[in-house]
Structures are given as C-alpha cells and as structure tokens.
Amino acid sequence: MHTRFTSREVVALTGITLRQLQWWDERRIVVPAREGHRRLYSTEDLAEVAVICELRRRGFSLQRVRKVIRFLQREFSKRLAETVSGSSDYHLLTDGHTLYLETSARQIVDILKNSRQPMLTICLSDTVRQVRAVVRNAEKKATASEPAASRLTRRRKAS
C-alpha cells in the first residue's frame, strides 16, 4: 500500500488547501515526516486529515478538533487509523457541545433515547476505510498506466 503522500497528493485526496495543511503542521495538529523541505504524509496522517476535514465541515473549531484527535491518541495509545482498523465501527457523537466516542451501535441507540437534542455522528471507521480505498484506487491507476517494462523491473526488485 502507498505509504507516503506529498502535500499535493493529500490536497487532491481530501480537498483541503495547501495552506490549511501547512498551518496544521505548524500548529502540530497533523505533523508529517520531512525530507528536506518536503512534507511527506503517512496513511495514518492522511486518515487523520480526512477525519479533521469532516469535523471542520460539520462546524467544529480547529481547537476542538485538536482536542478530539489528542483524546483519541491518549485513549487508545495508537494513531487513529490503527485504532479503527478491523471490522468494528467507531462513531463520534455530539449534541453541539460535547463529543462522545461510541464503539457499539447499541450504545449509540441508548444515548439517542436519553438525549433531547439531535446528535451528529461521524463514523471514524468509514472515513479511514474511504481513505484506504482512494489510496488503493490511485495505486491501481498508477500501476495500470505504468509501462510494462517498469512493472516487470519493479516486480523483479520486489522478489
């Protein structure tokens, strides 16, 4: 699987602007690896950018988004993409003021029953799966457009 993405690739995959991505790096929200002046994003970084973009589209301030990402990292002691790998679904729920993390559909129903305000849910698992699918599709397209001699050389090197 494609493991490193340039800033321009992240922009193309998520719809974020280059300036936003740079600013998030400067504020240490998503910190990519570096090769000289180039920022290189891992699949985990890309998943976090996608979740942050989704939260921002839903009206969350960047300060609150940062708290969510930090909480998830502290709670699970893993990166977001590592946390939600597997078949279970994780959801962020909010009543507009408080955010909750739910790992069971049954618990989500119980929360909604007891809530007087509508809840917004964001499925973290779906966002990470979508990022992985986009990456796989991009890799397939790149491999398909690659000349046969290059593919053969790459296969020999892998062996």
Has E48 got a side-chain atom pairing as donor or acceptor with D45's backbone, closer than 3.5 angstrom? no
Decide if atom [atom1] of [X] counts as having more than 12 heavy atoms of other residues, nucleotides or ligands within a radius under 6.0 Å.
X: E26; atom1: CD; value: yes
X: R28; atom1: CZ; value: no
X: R27; atom1: CZ; value: yes

Have a look at V10 and tell me which of L40, V49, V30 forms a side chain to side chain contact (heavy atoms under 4.5 Å, CB included) with it. V49
Taking T14 as the fixed residue, which of V11, T17, I16 is the one that meets the side chain to side chain contact (heavy atoms under 4.5 Å, CB included) rule? I16
Taking salt bridge (Lys or Arg N to Asp or Glu O under 4.0 Å) as the test, write out the residues that go with R66, two or more places apart. none
Partners passing salt bridge (Lys or Arg N to Asp or Glu O under 4.0 Å) against R57 (at least two apart in sequence or in another chain): E54
Heavy-atom side-chain contact between I52 and L62 under 4.5 Å: yes
Looking at side-chain heavy atoms only, is the closest gap between E35 and R4 below 4.5 Å? yes
In terms of side-chain geometry, is the basic nitrogen of R34 or D25 positioned less than 4.0 Å from the acidic oxygen of its partner? yes
Report yes or no: do V31 and F5 belong to one cluster of Ile/Leu/Val/Met/Phe/Trp/Tyr joined by side chain heavy-atom distances under 4.5 Å? no
Derivation of the side-chain contact (heavy atoms from CB on, under 4.5 Å) call for L13 and V131: CA-CA 8 Å; L13 292 168; V131 165; over 6 Å; no
